[in-house]
Structure formats: C-alpha cells, structure tokens
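Taking it in order: structure first as structure tokens, then the write-up.
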Amino acid sequence: MNELPKAYNPNDVEDNIYKMWEEKGFFSAKPNPQKKPYSIVIPPPNITGILHMGHALNNTIQDILTRFKRMQGFEAEWMPGTDHAGIATQNVVEKKLAKEGIKRQEIGIEKFVAEVWKWREEYGSTIIRQLKRLGCSCDWQRTRFTMDEGLSDAVLEVFIKLYEKGLIYKGNYIINWCPRCQTALSDEESQHKDVEGMLYYIRYPIKGSRVDGRGAGKEGEGFIVVATTRPETMLGDVAVAVNPKDNRYKELKNKTLLLPILNRELKVVRDPLVDMKFGTGALKVTPAHDPVDFGLGLKYGLEQINVMNNDATINSIGGDYEGMDRFEAREAIVEDLKERGLLKKTKAHRHAVGHCYRCHTMIEPRLSPQWFVKMKPLAKPAVDVVKNGRIKFYPQRWTKVYLDWMDNIRDWCISRQIWWGHRIPVYYCQDCGEVIVSKARPEKCSKCGSAKIEQDPDVLDTWFSSWLWPFSTFGWPKSEPELKYFYPTDSLVTAQEIIFFWVARMIMAGMEFMGDIPFKDVYIHGTVRDMTGTKMSKSLGNIIDPLDMIKKYGADALRFSIISITAQGQDVFLSESKFELGRNFANKLWNASRFILINLKEGISVDLCVFFKDTDLTLPQRWILSRFYSTLAYVQECIDEYKFNEAANAIYEFVWHEFCDWYIEIAKSTISEKTTQVMLYKILEKSLRMLHPFMPFITEEIWRKLPRSKDSKCDSIMVQPWPHIQQNMISKDAENAMKRLIDVITSIRNIRAVWNIELKREISAVINIHEKKDEKFLNDNSDFIKKLSKVAELKIGAKIPKPKNSAVSVVGRLELYIPLEGLIDFEKERMRLQKEEDRLNSEIKAIAGRLKDKDFVLKAPEDVVEKQRMRKTELELQMKKLRKNLKDIG
RNA sequence: GGGCACUUAGCUCAGUUGGUUAGAGCGUUGCGCUCACAUCGCAGAGGUCAGAGGUUCAACUCCUCUAGUGCCCACCA
C-alpha cells in the first residue's frame with residue numbers, strides 16, 4: 001500500500017507535479033470535433049510586472065474555471081501571454097540605461113529598441129514563471145506577446161482597415177500630455193486625483209481705461225478679475241469669456257482686454273458655457289492648454305498659442321519665463337502679478353487633476369497633433385450585445401458602468417511619442433506631402449514617385465494591440481482552425497480598473513473585426529486590499545508577496561484561502577494570517593487521506609454503483625453519499641455562477657465537518673469491513689476530484705497514491721472526469737435523520753461537558769420516545785450513538801420514567817436523560833454552584849443603585865441538577881437582561 | 001456634480017429567488033496529547049442583522065429616507 005508521509009510539505013512536491021503535468025502536455029488544447037471548446041484568454045500581464053495578489057486571485061479564478069471545464073470534458077484552452085506595456089517598459093529600460101550613464105536620445109531608436117528586446121528576453125517572462133508556480137494550467141505552447149509577428153500584423157491590419165473606413169484620423173486637439181514620459185496619453189490613462197490647489201484671482205486691465213497699474217480703478221471699469229488654477233497658462237491667453245446673461249460684464253461688450261505682463265490684446269467673448277457662479281464668472285481663454293478653452297477657441301476663431309515645450313517648460317512665447325518649469329513659472333508669474341498689483345487674491349481650491357497612470361506626473365492638457373480612433377461607430381454594436389444579453393457581466397452591476405461609459409465615449413488618442421511599440425504604419429512623402437498608409441514601407445511615393453519617404457515617428461497605444469487579444473492570439477487576420485474553434489471565448493476574468501481600457505475595447509474590436517462577441521461572460525472580481533482597506537501597491541509598501549506566501553504555506557493554501565475569502569466581485573481585505581485557513585485545510589485533508597490509506601486493504605477500487613446495488617447501506621453511509629452529491633451539485637452550480645467562495649466553502653464544510661468530523665469517526669468502528677473501506681475510498685477519491693480545481697497540487701499528490709483500477713488510462717487527477725452527480729443518492733430524508741442523531745450525540749456530549757464527567761467514566765443514557773417510529777430508528781443506530789457519545793448503556797423506549805437525579809435534555813421530540821447518581825459528588829457541586837450564585841448576586845448588589853428594579857436577586861432552585869440546568873439557561877438569561885438594563889440606563 | 005458598493009458576533013466577512021432556533025474563519029471560555037491530524041478534537045459563550053419609516057401573513061433579505069465608510073466617473077476654469 002502506498003502510505004503518505006506523516007507531514008505534507010507543499011514545497012517538496014508542487015514543482016515536480018507541475019513539471020509532470022507540463023511534460024505530459026495536459027495544458028495544451030487544439031480544435032477537436034469530438035469535444036466542445038472552452039476557452040479563456042488571460043488578461044495579459046505586462047512584461048514589467050511581477051506577480052501580485054491581484055494576479056494571484058485573478059489567475060486562480062481562471063485556473064479553477066479551466067481545470068473545472070477540462071474535467072467536465074471540454075477542450076479547455078487557456079491562452080496566456082504578456083503585453084509589451086509601451087510606456088512602462090520604456091521607462092524601466094530607460095532607467096536601467098541611465099544607471100549605465102546612457103541616454104536613449106544618444107543611442108537612437110534602433111539601438112534603444114534592441115535594448116528593450118534584450119531586457120525582455122531577460123526579465124519579461126518572470127511573471128510567467130510565477131504563474132506556473134501558482135499552478136496555472138495555461139496552454140504555454142501558445143504563449144503570445146503583443147509584439148510578436150502575428151499580433152503585430154493584426155495591429156497593422158486593424159489600423160489600415162479603420163483608416164480606410166475613415167475611423168482613424170490625425171488631428172490637432174487638446175490631449176493629455178505627460179511631461180515626464182513626454183508622450184500623449186488617452187483619457188483613460190489620465191487618472192484624476194484630488195489636489196489641494198490655489199485659485200488665483202488676477203486683474204486683467206481693460207484696454208483704454210485708466211488704470212494706474214497698482215490696482216486702482218473700479219472693478220468692471222478699469223479691469224476685470226479672472227480666476228484660474230494655472231496662472232502660467234495665461235501666457236497663452238487670447239480672450240476672456242463671460243456668460244451673456246451675466247449683468248456684471250454688460251459693459252464689456254466690444255471692449256478689448258490686455259493680458260498682464262505680456263500686454264497681448266484679448267478679445268471678450270460671450271458664451272453660455274461659462275459658469276457664472278464659479279470664481280468671478282470671467283474665464284480666461286487659453287485654447288492651446290485647456291479642452292474647454294479649445295472648444296471656445298474653435299467657436300470664436302481664436303488663435304491657439306502653445307506656451308510649453310514637451311517637458312512642460314515655458315517656450316519662447318513666454319518671454320522672460322522661457323525655460324522655466326511650469327510650476328516655477330507659476331510662482332514667478334504670481335510674484336510679478338503681485339508686484340504690479342494685479343493679483344487680487346488667492347483662495348485654497350481642491351480640485352481633481354489628471355495624473356499619468358504610469359509615472360503619476362501631473363498631466364498637462366495641451367494642443368498636439370495626434371492620431372485618433374473615432375469611437376462612436378464602434379461603440380454601437382458593442383452596446384447592443386451587452387443590452388441584449390449576449391455578453392453578461394458578473395456581478396451584474398458592471399453592466400451599467402459599461403453602458404454609461406459607452407454612451408459617453410470619446411475618441412481615442414492612439415499615438416504615443418515613445419519608441420517601444422508598434423510603429424504607426426503611415427508614411428509621408430517628403431516631396432509632395434502624400435500620406436501613404438501601408439503595412440510595409442513603400443518604395444516610392446504613389447503620387448509623385450519620390451523615394452524620399454519617412455515613416456510617422458510615433459508608436460501606437462499598447463491597448464491598440466491588447467484590444468485584439470481574443471482573436472489576434474488565435475492567428476487573425478489569417479483564418480486558422482483555432483480561431484474558428486475557440487472564438488468567441490467563454491469567460492473573461494478581470495479586475496474592475498480595466499473595464500474601460502480593455503474589456504470595452506475588446507468588445508468593440510470583436511464586433512468590428514470578427515463580427516462577433518469576443519467572450520460570453522465577463523467576471524469582474526474585487527480588488528485586493530490590505531487590512532486598512534488600501535489597495536495593495538508596491539509603492540505603498542503594503543504588499544503581501546504571493547511568492548512568499550507560496551513558499552510559506554504552499555500554492556494550494558494560497559489559492560484556497562484567497563478564493564474562500566473573496567465573495568463575488570467584492571473587494572478583499574488581506575493579511576498574512578488568512579493563509580492559515582488554506583494551510584490548515586490542506587493539512588486536514590492530508591491527514592484524513594493518510595488515515596484512509598493506512599486502513600485500506602487491496603481490492604476496494606470497485607465501482608460504487610455496482611458495489612452498492614445489492615448492499616444495504618447504513619444511515620451514515622446514505623447520509624455521507626447524499627451530502628457528497630449535494631455538495632457536488634452545489635459546487636458545480638456555484639462555479640457556473642462565478643461564486644467561487646461559496647463553492648470553496650461548501651467543499652471545506654463537507655470535507656472537514658461532515659466527512660472528517662462525522663463520517664470517518666463513525667467509520668472507525670467498522671473500519672475492517674469492506675463496505676466501510678469502499679465508502680471511505682470512494683468519498684475521498686471523488687472529493688479529491690471535486691477539490692482539484694481549487695487545490696491542484698495536494699489533490700494530485702494524494703490521488704497518485706490511491707489504489708486505482710487497472711483500466712485507469714492515466715495517472716493524473718487533472719485529466720480525470722469531474723464526478724458525475726448521482727441524483728438518486730441525494731436523500732433529504734437521510735440528511736434529516738442523520739441530523740437528529742447528531743443532535744442526540746451532541747446533547748449527550750454537552751451534558752458530559754457541563755457536568756465535567758471525564759470520558760473515561762462510563763455513563764448510561766435514556767431516550768424517551770413519543771412516537772413509535774422513533775424506536776426503530778434509534779435502535780437501528782444505537783451502536784454508533786453509543787460509540788460517538790461514549791455511552792455504555794443506552795435505553796430506548798416509550799414512557800420511561802426519568803431516573804432520579806438525571807440531567808435532562810430535549811432533542812426535537814425526544815427526551816434525553818443521563819442519570820448522574822454515582823457520577824457526581826452532589827454536595828461538592830451544590831457548593832460550587834452556590835458560590836457562583838453568590839458571586840452573581842454580589843455583582844448585582846454592587847450595581848444595585850443603578851438598577852431599575854433595586855431589589856433584584858437571582859434565585860436558583862435548591863435542587864442541584866435543576867440549578868445546573870438553570871445555570872445554563874435562565875440564570876444567564878436573567879444576567880443578560882440585567883446587563884442590558886444597565887446599558888439602557890447608561 | 002453623477003454613479004456604484006458597503007454598514008450582520010470582539011475582529012475579518014458569508015447569507016443562495018423574503019419563510020421555522022441568522023452562519024463561517026480567527027479570537028475567546030472550559031475540557032482533552034481517544035491508536036489520521038495540537039496546522040488537532042469535544043463542548044460552550046457571543047448578534048434588537050447602522051438608524052427611521054413602508055410593503056407583506058412573514059424582511060438581514062424588497063421600497064423610501066437618514067447617517068457613516070469606501071470606490072469609480074466627470075472639461076466648474
């Protein structure tokens with residue numbers, strides 16, 4: 001017999017097991033007409049990343065789904081990969097080179113990109129190794145990278161298709177500019193954060209009016225006051241806007257203002273967009289540095305004056321301020337305004353400001369020529385498929401978030417001024433200016449024949465490749481059998497912060513390029529936070545490293561724990577101690593399995609149905625079978641509804657508190673019988689299969705030690721079928737009956753504990769029945785009642801008088817007596833209880849003054865047995881009332 | 001400014017379409033090294049389910065409002 005070692009050390013076996021799975025090719029899937037496909041695509045982690053708890057949760061969920069479906073007989077494909085994370089990776093490599101004293105500008109684009117590839121070779125697969133350590137059963141042979149040849153081709157294909165359809169255009173608009181990364185960002189990449197800022201009230205003189213320059217003159221006559229949070233942008237002001245309904249500025253019609261310091265002439269425009277309640281109701285208009293102003297500029301034909309360089313220093317427009325950083329310039333300008341008496345006041349002002357999602361630098365809204373995707377036409381079909389339920393969100397509430405965003409969708413800025421990424425497939429003829437959009441570099445201009453052709457220097461947003469992931473990874477635009485077989489995929493599992501970046505765009509791309517949805521279900525899981533509710537992040541240093549936890553508790557424990565405590569879509573608060581839950585469970589399972597294996601004899605791997613066809617089952621046997629199949633059905637249902645915690649907890653409850661605590665204990669008395677052994681073996685083996693998607697390693701380790709039938713095709717649990725639900729084995733009657741027995745046993749144990757009767761001392765018990773059918777029921781099961789409650793003699797019958805000095809317990813419609821004569825020193829017990837009563841009463845006396853009922857006294861009966869019973873019930877109830885009474889008074 | 005979630009035992013959280021004594025883990029109390037397991041076993045204590053009102057035979061569960069907490073979105077300079 002294969003015995004299990006006394007202790008389970010996950011770290012000893014997990015790696016080897018994983019290697020075995022991988023070598024046997026269990027992870028790979030391919031089009032198979034005999035089977036139904038099930039496919040998931042991994043949200044591609046970026047290559048600069050390391051595995052954090054969010055990933056651990058996300059990938060555990062996907063692995064549970066994949067393993068579950070694989071066992072259910074689906075051709076289960078879990079496509080892994082990474083994305084090139086343009087900005088993040090470029091930053092990382094830039095920093096690395098900086099340490100070596102190299103600037104990217106010095107070595108040029110080609111060498112730099114080569115450096116990035118080198119870096120990627122070295123570090124880019126870290127996260128993949130970590131996913132393997134977690135036990136993820138991804139189809140690694142298909143691992144994709146967004147910069148792969150195939151995926152790159154898909155990107156170009158899509159760009160050209162959209163361009164030809166008129167959905168991609170180049171234009172000069174206000175975009176989010178990160179001065180540190182020196183690139184444009186999409187709206188989603190600009191994260192709003194509240195900032196404690198200042199509102200500066202600045203006097204703008206009216207041209208031709210008498211102002212002495214020190215602020216004299218009446219407001220509205222000599223000058224008007226505008227409020228701004230970014231005074232440095234005034235260098236680019238071309239107008240001041242007021243609301244046409246604003247009576248304060250009636251006389252301003254046809255007047256011209258003068259920009260302080262630069263003395264540029266400013267128009268006054270009237271537009272209802274201006275909020276009269278904000279600031280002074282007068283808005284300085286800077287079309288090149290603010291989206292609202294930009295709109296006004298177009299509307300009123302205003303000049304667009306860009307005052308900043310790429311690094312947010314002031315350019316030559318700024319005169320004396322040229323070369324200053326934007327914040328330096330802000331201070332300098334404010335000082336100068338103060339000096340000239342043009343700063344009326346400042347006010348603290350809290351407002352939301354965009355920050356770069358990669359480097360957290362404050363975004364500078366800025367006019368810039370960029371490439372955009374027109375989103376409205378793409379959004380429509382993507383809205384329809386969610387509205388009509390072809391794509392479902394779990395939990396459902398995300399549907400609204402998605403639809404709201406889609407309704408207000410704005411064009412997507414896809415060009416980035418960085419080097420690492422897919423180069424925009426647009427070429428410009430240097431001679432005639434012709435724009436050529438083409439996958440390959442054209443030899444010569446199609447219009448004038450010139451060979452002087454330059455490619456657009458920008459690269460595409462990383463998400464412009466990620467949004468194609470569900471089909472580009474299966475070979476699109478080529479029509480591969482994989483694509484046909486596995487697309488649309490089944491489930492997408494991801495975090496909420498990525499709904500707009502990725503989920504929404506994948507749906508749009510799927511509809512546009514495949515003409516079909518990319519996936520059917522979107523499961524949005526919660527965010528992993530620390531115990532204070534803060535999101536775990538490396539920069540905050542509140543990270544619990546999953547790999548540390550794996551080392552300490554094992555991958556199974558990590559997986560099971562995090563799944564068990566994460567309710568559907570709910571954020572999870574994590575501390576290290578939570579992993580003990582999974583570890584303890586693994587330990588329990590291990591020991592129970594050890595016990596069963598030690599006791600098994602040869603030849604028990606008989607088919608359960610065949611074996612029990614002509615065998616009468618005892619109640620506990622029928623009960624444990626019923627409980628197993630009930631649990632199995634429930635677990636299946638929960639996984640299908642993405643309620644993984646409930647599935648995990650149901651298994652935990654079954655294995656630990658039903659199988660181990662009760663069935664195995666019951667089985668011990670008949671452990672040498674074949675029936676018992678078959679039961680233990682079968683329940684264990686099936687439980688392992690049920691648990692495998694959650695705890696793949698330990699279930700494999702135990703399973704491979706089980707005696708198996710000879711025709712077992714393969715020696716791994718992961719390719720075994722999911723247990724078949726045997727409806728006929730589920731019996732509510734058996735479950736209820738067993739519950740009654742458990743209650744009887746618990747009651748007897750309770751009495752023992754209350755009276756402090758050691759287990760070694762024999763007790764007898766009497767059960768008084770009121771209904772005839774109970775007699776047979778109890779007699780049939782009296783053996784294991786006696787065994788489990790350690791009762792030597794059990795008397796069952798109707799109308800048995802209560803023995804003198806008996807402890808009493810009512811269990812449903814049964815009465816239970818435990819005679820205490822000879823077991824208890826009543827005198828001693830009486831004194832002990834009297835002491836306790838006195839103690840309670842003196843406690844009452846101490847607080848009597850504050851009581852409503854000042855003469856309140858606890859009274860216990862004289863009879864010791866009665867008193868003991870009361871101690872448990874009424875006495876404590878009275879104390880409880882008393883305490884509440886006190887609480888009410890204060 | 002808009003939207004979404006949360007408020008249940010000392011702590012962290014579950015609670016399946018409203019239905020008899022509201023659950024778990026940790027912690028806590030008492031007992032126990034019973035031949036799988038002290039990463040354990042047995043028994044117990046502990047909750048007017050944030051507050052107010054409403055619908056219903058019945059509400060932790062549905063509706064309205066209030067308070068607190070958290071998150072997301074947003075061109076009030």
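Note on naming: letters A, B, ... go to the chains in the order of the sequence lines (proteins, then strands), and numbering restarts at 1 for each one.
Across all strands, A/T746 comes closer than 4.0 Å only to sugar-phosphate atoms, never to a base (heavy-atom distances). Across all strands shown, A/D275 has heavy atoms under 4.0 Å from base atoms, whether or not it also approaches the sugar-phosphate. As judged by a 4.0 angstrom heavy-atom cut-off over every strand, A/E653 is placed among residues making no nucleic acid contact. Note on A/H349: only backbone sugar-phosphate atoms sit closer than 4.0 angstrom, heavy atoms only; bases stay farther off. A/L581 comes within 4.0 angstrom of sugar-phosphate atoms only, judged by non-hydrogen atoms across all strands, and of no base. Using a 4.0 Å heavy-atom cutoff across all strands shown, A/K578 reaches sugar-phosphate atoms only and no base atom. A/K6 comes within contact range of the sugar-phosphate backbone alone, with a heavy-atom separation under 4.0 Å but no base atom that close. In this structure, A/E497 reaches neither bases nor backbone, as no heavy-atom distance under 4.0 Å exists between it and the strands shown. Contacts of A/C660 with the nucleic acid, taken as non-hydrogen atoms under 4.0 Å apart, include base atoms. Residue A/R583 is in base contact, counting any heavy-atom pair closer than 4.0 Å across all strands shown. Note on A/D661: only backbone sugar-phosphate atoms sit closer than 4.0 angstrom, heavy atoms only; bases stay farther off. At the heavy-atom level, A/K552 lies nowhere under 4.0 Å from the strands shown. As judged by a 4.0 angstrom heavy-atom cut-off over every strand, A/Q496 is placed among residues touching the sugar-phosphate backbone only. A/V274 comes within contact range of at least one nucleobase, with a heavy-atom separation under 4.0 Å.
Put simply, CG on A/D407 is 14 Å from C1' on B/G2, counting in whole angstrom units. One can place CG of A/L574 at 16 Å from P of B/C26, the figure rounded to the nearest angstrom. Going from atom CE of A/M234 over to atom C1' of B/A77 covers 14 Å, rounded to whole Å. Here B/C76 presents its P atom at 11 Å from CG of A/L273, a figure rounded to the nearest Å. Going from atom CZ of A/R350 over to atom C1' of B/G1 covers 15 Å, rounded to whole Å. Spacing between atom CG of A/L235 and atom P of B/A77 amounts to 20 Å, rounded to whole angstrom units. For the pair A/D571 CG and B/C72 C1', the computed distance is 11 Å after rounding to whole Å. In this structure, A/Y394 places its OH atom 21 Å from P of B/C4, rounding to the nearest Å.
Aromatic rings of A/Y8 and A/W590 (six-membered ring for Trp) have centroids within the 6.0 Å cut-off, being under it. For an aromatic pair to be called close, the ring centres must be under 6.0 Å apart, and A/F654 with A/Y663 fails this.
With respect to A/E758 and A/R752, no salt bridge is recorded, no charged nitrogen being found less than 4.0 Å from a carboxylate O.
For A/D411 (side chain) and A/M375 (main-chain N/O), a donor-acceptor pair under 3.5 Å exists by modelled atom type.
The two residues A/A807 and A/I751 have their closest heavy-atom pair at CB-CG2, 3.6 Å. Between A/F278 and A/L199, the shortest heavy-atom distance links the atoms CZ-CD2, 4.0 Å.
Pair assignment for B/U69: B/A5, on the basis of Watson-Crick or G-U wobble contacts that are both within less than 3.5 Å. Under the Watson-Crick or G-U wobble criterion, with both distances below 3.5 Å, B/C35 has no partner in any strand shown. Under the Watson-Crick and G-U wobble criteria, each requiring two contacts below 3.5 Å, nucleotide B/A43 is paired to B/U29. Nucleotide B/C76 has no partner under the Watson-Crick or G-U criteria, as no pair reaches both atom distances under 3.5 Å.
Ring orientation note: the planes of A/F294 and A/Y173 are nearly perpendicular, at an angle over 60° on the 30°/60° scale. Between A/F500 and A/W405, the ring planes are parallel. Angles under 30° get that label, and only those over 60° would be called perpendicular.
When distances run from any side-chain atom of A/N587 to the nucleotides B/A77, B/U39, B/A43, the shortest one goes to B/U39. Between B/A5, B/A14, B/U34, one nucleotide has an atom nearer to the side chain of A/L759 than all others, and that is B/U34. For A/E665, taking side-chain heavy atoms from C-beta onward, the closest of the listed nucleotides B/C4, B/C37, B/A77 is B/C37. With B/C71, B/C13, B/C26 as the candidates, the nucleotide lying closest to the side chain of A/N584 is B/C26. Distances from the side chain of A/H192 to the nucleotides B/C75, B/A36, B/A77 place B/C75 closest. If you check B/A14, B/A36, B/A77 against the side chain of A/F278, the one that comes closest is B/A77. The side chain of A/K588 lies closest to B/C40, out of B/C40, B/U12, B/G44. Nearest to the side chain of A/T228, among B/A77, B/A14, B/A43, sits B/A77. Proximity note for A/R410 (side chain, C-beta onward) versus B/A14, B/C75, B/A43: the nearest is B/C75.
The separation of B/C49 from B/G23, taken at their C1' atoms, amounts to 12 Å, rounded to a whole angstrom. Across the C1' atoms, B/A45 and B/C26 are found 16 Å apart, a figure rounded to whole Å. For B/G53 and B/G19, the P atoms lie 23 Å apart once the distance is rounded to whole Å. Straight-line distance between the C1' atoms of B/U28 and B/A9: roughly 12 Å, to the nearest whole Å. A distance of about 23 Å separates the P atoms of B/G15 and B/G27, rounded to the whole Å. Atom P of B/A50 sits at a distance of 14 Å from the matching atom of B/U16, rounded to the whole Å. Rounded to the nearest Å, the gap between the C1' atom of B/G47 and that of B/C11 is 14 Å. Nucleotides B/U48 and B/G30 are separated by 29 Å at their C1' atoms, to the nearest Å.
Judged by closest nucleotide on RNA chain B, A/K400 is the one of A/W656 and A/K400 placed further toward the 5' end. RNA chain B is contacted by both A/Q568 and A/F500; A/Q568 maps to the nucleotide lying nearer its 5′ end (nearest heavy atom per residue).
For B/G25, the OP1/OP2 oxygens have a side-chain nitrogen or oxygen of A/H657 closer than 4.0 Å. Listed pair A/R749 / B/A43 meets the phosphate criterion, a side-chain N or O lying under 4.0 Å from OP1 or OP2.
If you check distances only, the side chain of A/K668 does reach the base of B/A36 with a donor-acceptor pair under 3.5 Å.
Donor-acceptor pairing under 3.5 Å is recorded for the side chains of A/Y634 and A/E646. Side-chain contact, A/Y357 with A/E188: no donor N or O sits under 3.5 Å from an acceptor N or O.
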